[in-house]
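Proteins come first, then strands; the chains are lettered A, B, ... in the order of their sequence lines, and each starts at number 1. We use all heavy atoms of the structure for the numbers below, so side chains are in, but hydrogens, waters and symmetry mates are not.
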Protein chains: 2
Amino acid sequence: MPNPTLRDVADAAGVHPATASRALNANTRALVNAETARRVLRVAEQLGYRPNPIARGLKTAKSATIGLVIPDLTNPLFPPIVRGVEDALEEAGYTALIVNTDGDPERERTLVESLRSRQVEGLVIATALVHHPLLEELQRSDIPMVMVNRRAEGIEAPYVGPDDAAGIELAVRHLAQLGHRRIAHVAGPATTSTGVARARAFGGAVRELGLDHGPELMVTCTQWTEGAGAAGLRQLLDGTEGVTAVVAGNDLIALGCYDVCAERRIDCPDELSIVGFNDMPFLDKLRPPLTTVSVPNTQIGTDAARLLLEALHGTDRSARSVLLPTSLVERGSTAPPGGR
Amino acid sequence: MPNPTLRDVADAAGVHPATASRALNANTRALVNAETARRVLRVAEQLGYRPNPIARGLKTAKSATIGLVIPDLTNPLFPPIVRGVEDALEEAGYTALIVNTDGDPERERTLVESLRSRQVEGLVIATALVHHPLLEELQRSDIPMVMVNRRAEGIEAPYVGPDDAAGIELAVRHLAQLGHRRIAHVAGPATTSTGVARARAFGGAVRELGLDHGPELMVTCTQWTEGAGAAGLRQLLDGTEGVTAVVAGNDLIALGCYDVCAERRIDCPDELSIVGFNDMPFLDKLRPPLTTVSVPNTQIGTDAARLLLEALHGTDRSARSVLLPTSLVERGSTAPPGGR
DNA sequence: TTGAAAGCGCTAACAT
DNA sequence: ATGTTAGCGCTTTCAA
């Protein structure tokens, strides 16, 4: 017998399929004679029976899957989040269907469509933009969702991400303590909540600490990429003088800043200190090792998945959103200004 | 109407569900009056009908999903492979269920079990070990599978991976050309086919080129990790003299070698040249930028997925295995011996 | 060309 | 405590 069905088990145990179903299902097992239950379980074991979740799903209108929508799995920021989501789902017997949007709204729409047709019960969204029509539609359609890493405006869904403001403040304080007075920010795109939040936090921090500030000390990148980061820093350095440190919107942007240092023969950290954000892998192997703000990415994933599962099961006891604590990892890319 | 069913469409179009089904399905559409078909399609469109693959799967015993078994998604080697798999599957309307085994055979068994219960039609395996009992069982159970990146002995399933031998030869030749005569190999685990294949290719290449060779010039790491790579190189350097270059089993092991250089104040590349394997992201930002063998990982994924789909659809016209070409990326971690 | 009927494997009322 | 019945949404014989 290739794949024994519930019927096969029931027949072999000499009971009705419904009884077998009850015996096999942990939360209905009480309804059936303990002796019978044992027998069914034993037979199932012997036959190597495994329930077919597809059939169950058809009946119960539950698929035990959720959709995980990320921009690009090859961006090192996301695998840990995916791991976290998967780990939390696994405990609950759920599975994630992962899709890559490549940041393309069209593609995102199609992929979410296909997820929904696969009857996912909920969505974990890592692609949120500040203004996000698709998410608004999804909200109206009442599918449970949770946003990770970034959020969209006007969406009620819970959000799990780093405490951007606290992280940036950590970075700025660190630089200020080293003696920097003229610190710039190479910000992520204003279309993303993290870009906006970090830029705002930066502005607040430099002002509060009485450091130099002004629009010439901030540029906004068009993307969260190395290339965009490099372009951003070039533009910034061309527009002002005396900058001794830069807080990058994230590690990828920081990497772009490294490229600019190389091409302009600026010594990092002696002439320019650089701080990243996210602490993606292998940053300690860079030249110089990158000082960055560490974010508990795996935990972002697990928390998001748990929040979603709670929403699915109606135990809506959870906070709307979770901001996870960040910490500063001091490495070699920051030093007192002028290499003193 | 929350989710219109086939019945809803049929009713609205004034036909029997069976007819609607035929009209909606591209390969049975010919069976139905062109006019009727058009009408059904239009109504379906209007209602926003999307077929329920779960129900379809129950009937056809096909889930349009495959399982993708990888050791750990946070290892940068795998995301590109996953991307490749997903991209190829998407075209065919298939979806991948991804699981992380953490290299634990128990866990792998459980996870594959759960994949099978979810009715995956086939498996892409990235966790193969030279001796792999689970794969032998799976082979007996006749589920279609394809191995990527590594292979298992005695398994007939197709394999898609880098041309390890050619890649290693590229690395060794490059070092020989720079003038190195005493080159060592810090190999990956002998439990993996890549570890074995690369080690054997290394031995062959140094002999063929008339370079120093012998057991003291090779160590085998217990894992494909930075830590294991560092341990390996330490052991090697403690056991022999005069080594001026090392070929690492992969980039992670090469990173471990970097650590040893740092702790023993060995200058790379002046005192020791290092070559990696895989060309994972951001290697060009290392200190020094790592010379490595580049592998088309995304293509490994797409090829594997295509092979699997062909197996599923019985178009078994494909070669059993595919070895993808590698190329050498020369960066800063290799130089003539003695820094000349 | 279309409709009728059955059934994929499972669960949930309902009946006993 | 167990069996009966019905049906989730779809496809696929078979018959008309």
- request: Give a yes/no answer on whether the side chain of A/Ser21 brings an N or O atom under 4.0 Å of OP1 or OP2 in C/dT11.
  value: yes
query: Between A/Pro51 and B/Ala30, which has a closest nucleotide on DNA chain C that is more 5'?
result: B/Ala30
- prompt: Looking across every strand, which nucleic acid part, if any, lies under 4.0 Å from A/Pro53 by heavy atom: base, sugar-phosphate, or nothing?
  reply: nothing
query: Among residues 32-44 of chain A, which residues get a heavy atom nearer than 4.0 Å to DNA chain D?
result: A/Val32, A/Asn33, A/Thr36
Distance-only check: which donor-acceptor pairs under 3.5 Å involve side-chain atoms of residues 74-81 of chain A, not counting sequence neighbours?
residue	atom	partner	partner atom	Å
A/Thr74	OG1	A/Asp72	OD1	2.9
A/Thr74	OG1	A/Asp72	OD2	2.7
A/Asn75	OD1	A/Leu77	N	2.9

- request: Just call it for A/Ala18: base, sugar-phosphate, or nothing, with non-hydrogen atoms closer than 4.0 Å on any strand.
  value: base
field: Atom-to-atom span, CZ of A/Arg118 to P of D/dG9 - whole angstrom
entry: 18 Å
field: Separation of D/dA1 C1' from A/Arg22 CZ (nearest whole Å)
entry: 8 Å
message: Closest approach to the side chain of A/Thr19, judged atom by atom: which nucleotide of C/dA4, D/dT2, C/dA6 is it?
response: D/dT2
- prompt: Ion pair present between A/Glu35 and A/Arg38, side-chain N to carboxylate O less than 4.0 angstrom?
  reply: yes
message: Please determine whether a side-chain nitrogen or oxygen atom of A/Thr60 lies at a distance below 4.0 Å from atom OP1 or OP2 of C/dT11.
response: no
- prompt: Under a 4.5 Å cut-off applied to non-hydrogen side-chain atoms, are B/Val322 and B/Pro158 in contact?
  reply: no
query: Taking the side chain of B/Arg56 as its heavy atoms from C-beta onward, which of D/dC8, D/dC10, D/dT12 lies nearest to it?
result: D/dC10
Residue met sooner reading DNA chain C from 5', once B/Leu31 and B/Leu58 are mapped to nucleotides: B/Leu31
- prompt: Rounded to whole angstroms, how far apart are CG on A/Leu24 and P on C/dG9?
  reply: 15 Å
statement: Separation of D/dC8 atom P from A/Lys59 atom NZ, nearest Å, is 8 Å
task: For A/His16 and D/dT5, give me the distance from atom NE2 to atom P, rounded to whole Å.
output: 8 Å
message: I'd like to know if the side chain of A/Thr95 pairs up with that of B/Arg118 as donor and acceptor (distance under 3.5 Å, no hydrogens or angles considered).
response: yes
query: Roughly, in whole Å, what's the span from CZ in A/Arg7 to P in D/dT4?
result: 11 Å
query: OP1 or OP2 of D/dC8 sitting under 4.0 Å from any side-chain N/O of B/Asn52?
result: no
- prompt: Rounded to the nearest 0.5 Å, how far apart are CG of B/Leu134 and CD of B/Gln139?
  reply: 11.5 Å
- prompt: Within this structure, what is the CG-to-P distance between B/Asp11 and D/dC10, rounded to whole angstrom?
  reply: 12 Å
message: Base, sugar-phosphate or nothing for A/Ile54? Non-hydrogen atoms, less than 4.0 Å.
response: nothing
task: Using the test side-chain hydrogen bond (donor to acceptor under 3.5 Å, both in side chains), find all partners of B/Arg116 that sit at least two apart in sequence or belong to another chain.
output: B/Ser141
- prompt: Got a sec: does the CZ of B/Arg29 have more than 12 other heavy atoms crowding it under 6.0 Å?
  reply: yes
Given C/dG9, D/dG3, D/dT12, the nucleotide with the shortest approach to the side chain of A/Val15: D/dG3
- line: The residue among B/Glu108, B/Glu153, B/Glu137 that forms side-chain hydrogen bond (donor to acceptor under 3.5 Å, both in side chains) with B/His132 is B/Glu108
A/Arg50 CZ - C/dC10 C1' separation (whole Å): 16 Å
